[in-house]
Protein chains: 2
Amino acid sequence: MTSGTRELTATAYVVLGMIAQLGVTTPYAVKRELRRSIGQYWPIPHAQLYAISGQLQEQGLLEGVQETSGRRRKTYRVTEAGRAALSEWLSRPGTEPGEIRSVAWLKLAFCDLAEPAAITQLAAEQVELHKDRIACRHPVKDHASQLALELDRAALRFWTSLAQRTAL
Amino acid sequence: MTSGTRELTATAYVVLGMIAQLGVTTPYAVKRELRRSIGQYWPIPHAQLYAISGQLQEQGLLEGVQETSGRRRKTYRVTEAGRAALSEWLSRPGTEPGEIRSVAWLKLAFCDLAEPAAITQLAAEQVELHKDRIACRHPVKDHASQLALELDRAALRFWTSLAQRTAL
DNA sequence: ACCGTCATGTAATCGGTTACATGATTCT
DNA sequence: AGAATCATGTAACCGATTACATGACGGT
């Protein structure tokens, strides 16, 4: 039991949480599932899934079994300690501010350095992008995608209005 | 002229853009200015400002002068190549999706693994957080903070409603 | 039998974070 | 003069990204 309680990253909690939800799985299955859900808004490259799963196992939060035949893949499931860590995280008060990781938003912050046409172009792109994301997510099932939807809608309103104002 | 045109990161463009806006400055001044503006939504630790400024200079996008007295600080200004790189970036079409880097949102995605009280607590925290951010930014000057404001407002609406629904 | 895609990883690199260190100013 | 804070960096570490590699499986 090498339960070194190093503080986990948010990404690690995602992996832990996904495995908790899926039961007994492999990093590959996590990857597939991520693509369908939070992966669109919080991407995790698959190389990280393998690395993080390994670390979580070393810390005793996951239990891993290596197949000996066929694909020789490694399946994981969460331990009691893992479940405890997850629920501690979920109920821990957190005041991290929440960021806007959008290149389009950055460009907007520097639009005084650009030609006016560039901003119109940017706005038009963003309108399409948010429309697509809104369209391909109906209907909404859980709270998380509900919030994502609301944010996409707000962004769509903004960029639409900006596109109109700058097109004049 | 070692203009190796390696592709820059978004963060590097922020540094380049800030120096372009500020004229002749130091990384420290950039840090101060960042705290007032995009830094709230796209944080950059000050160690990166020094590292990136150095790299941008090596690539010929910045010109740097080292003071020899007093604070011995290094001041930078953008070169013509730098200005060109910036405006190329600003007008380059980009379809990067834009992410939601919010731990609260992640927790929401796993709230089926948590006790019901935790989600109410989470919502209450987020309501306060977004209220604060909205309050401390009035009035809004530029497009970028306008968008940030709209996103904060949408999030506030969502968390408020969620807090009410789960408090029952 | 072969080819393409699915599945499962490892390795190298690089950007970002945290911690440390130190000299300059300013305040009392 | 001494303390506190401002200002300016460097160094070590670690997580994330990109690239590479390869074996299994399914279809034709």
Side-chain angles (χ1 to χ4, degrees), chain A residues 4-16 18-19 22 24-36 38-39 41-59 62 64-76 96-97 99 101 103 106, chain B residues 4-16 18-19 22 24-36 38-39 41-59 62 64-76 96-97 99 101 103 106:
Chain A
T5 312
R6 296 183 38 68
E7 194 44 55
L8 299 180
T9 64
T11 303
Y13 281 113
V14 172
V15 175
L16 190 54
M18 292 296 300
I19 295 181
L22 293 175
V24 177
T25 43
T26 67
Y28 184 79
V30 171
K31 166 190 162 185
R32 249 185 358 228
E33 192 60 19
L34 272 177
R35 216 170 39 191
R36 286 201 331 85
I38 35 184
Y41 296 91
W42 190 298
I44 306 179
H46 79 278
Q48 276 298 91
L49 300 180
Y50 294 98
I52 292 175
S53 299
Q55 291 163 212
L56 291 174
Q57 182 184 10
E58 278 175 22
Q59 297 184 258
L62 290 181
V65 183
Q66 180 92 43
E67 275 183 4
T68 53
S69 70
R71 296 252 161 131
R72 302 191 52 76
R73 65 197 161 177
K74 200 166 174 185
T75 61
Y76 292 94
E96 305 90 49
E99 305 172 8
R101 288 279 158 169
V103 175
L106 282 188
Chain B
T5 310
R6 295 181 39 68
E7 194 44 55
L8 300 180
T9 64
T11 303
Y13 281 113
V14 172
V15 174
L16 191 54
M18 292 294 300
I19 295 180
L22 294 174
V24 176
T25 42
T26 67
Y28 185 78
V30 170
K31 165 190 161 184
R32 252 188 352 235
E33 192 58 20
L34 272 178
R35 217 171 38 192
R36 286 201 330 82
I38 35 184
Y41 296 91
W42 190 298
I44 306 178
H46 80 277
Q48 277 297 90
L49 301 180
Y50 294 99
I52 291 174
S53 300
Q55 291 162 211
L56 291 174
Q57 182 184 9
E58 279 175 22
Q59 297 184 260
L62 291 181
V65 184
Q66 179 94 41
E67 274 184 3
T68 52
S69 70
R71 296 249 161 136
R72 304 189 51 74
R73 64 196 162 179
K74 200 166 175 186
T75 60
Y76 292 95
E96 306 90 49
E99 306 171 6
R101 288 277 158 171
V103 174
L106 282 186

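Naming convention: chains lettered A, B, ... in sequence-line order (proteins, then strands); numbering from 1 in each chain.
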- [ ] Round to the nearest Å and state the distance from A:His46 atom NE2 to C:dG9 atom P.
- [x] 10 Å
- [ ] Please name all residues satisfying salt bridge (charged side-chain N to carboxylate O under 4.0 Å, His left out) with B:Glu99, sequence neighbours left out, ordered by chain then number.
- [x] B:Arg101
Open item on the list: What verdict does the side chain to side chain contact (heavy atoms under 4.5 Å, CB included) test give for A:Met18 and A:Ile38, after you've listed the backbone C-alpha separation in whole Å, the side-chain angles of each residue and the deciding distance to 0.1 Å?
Closed with: CA-CA 10 Å; A:Met18 292 296 300; A:Ile38 35 184; 4.3 Å; yes
Check nucleotides 13-17 of chain C against the protein and report each pair of N or O atoms closer than 3.5 Å, with its distance, or say if there are none.
from   : atom 1 : to      : atom 2 : distance (Å)
C:dG16 : OP1    : B:Thr11 : OG1    : 3.0
C:dG16 : OP2    : B:Gln48 : NE2    : 2.4
C:dG16 : N7     : B:Gln48 : OE1    : 3.3

Open item on the list: Less than 4.5 Å apart, side chain to side chain, heavy atoms only: is that true for B:Gln57 and B:Lys74?
Closed with: yes
TODO: Mind calculating the distance between CG (A:Leu8) and P (D:dA16) to the nearest angstrom?
DONE: 11 Å
Open item on the list: Could you tell me if the side chain of A:Leu49 sits less than 4.5 Å from the side chain of A:Val15, heavy atoms only?
Closed with: yes
Could you go over nucleotides 3-6 of chain C and give all protein N or O partners under 3.5 Å, atom names and distances?
none

- [ ] Grab the stems for DNA chain D, please: at least three consecutive Watson-Crick or wobble pairs, both distances below 3.5 Å, written as range with range.
- [x] C:1-28 with D:1-28
Task: Euclidean distance, atom NZ of residue A:Lys74 to atom C1' of C:dG9 [Å, nearest integer] - done: 11 Å
TODO: For B:Glu33, enumerate each residue passing the side-chain hydrogen bond (donor to acceptor under 3.5 Å, both in side chains) test, keeping only those at least two apart in sequence or located in another chain.
DONE: B:Arg36
TODO: Step by step, work out the side chain to side chain contact (heavy atoms under 4.5 Å, CB included) result for B:Thr11 and B:Ile52.
DONE: CA-CA 9 Å; B:Thr11 303; B:Ile52 291 174; 3.6 Å; yes
TODO: Could you check how far OH of A:Tyr50 sits from P of D:dT17, rounded to whole Å?
DONE: 16 Å
- [ ] Report the C-alpha distance between B:Val14 and A:Leu106 in whole Å, list the side-chain angles of each, state the deciding distance to 0.1 Å, and finish with yes or no for side chain to side chain contact (heavy atoms under 4.5 Å, CB included).
- [x] CA-CA 7 Å; B:Val14 172; A:Leu106 282 188; 3.5 Å; yes
Open item on the list: Holding to side-chain hydrogen bond (donor to acceptor under 3.5 Å, both in side chains), I want the full list of residues that pass it with B:Tyr13, two or more places apart in sequence or in another chain.
Closed with: B:Glu7, B:Arg92
Open item on the list: Quick check: closest heavy atoms across A:Ser53 and A:Leu62, and the distance to 0.1 Å?
Closed with: O-CD1, 3.9 Å
Open item on the list: Tell me the interatomic distance from A:Arg73, atom CZ, to D:dG23, atom C1', rounded to whole angstroms.
Closed with: 13 Å
Task: Note, A:Tyr76 side chain near A:Pro27 side chain (heavy atom, < 4.5 Å) - done: yes
Task: Steps toward side chain to side chain contact (heavy atoms under 4.5 Å, CB included) verdict (B:Leu8, B:Gln59) - done: CA-CA 10 Å; B:Leu8 300 180; B:Gln59 297 184 260; 3.4 Å; yes
Task: Nucleotide C:dA7, atom P - distance to CG of A:Leu49 in whole Å - done: 14 Å
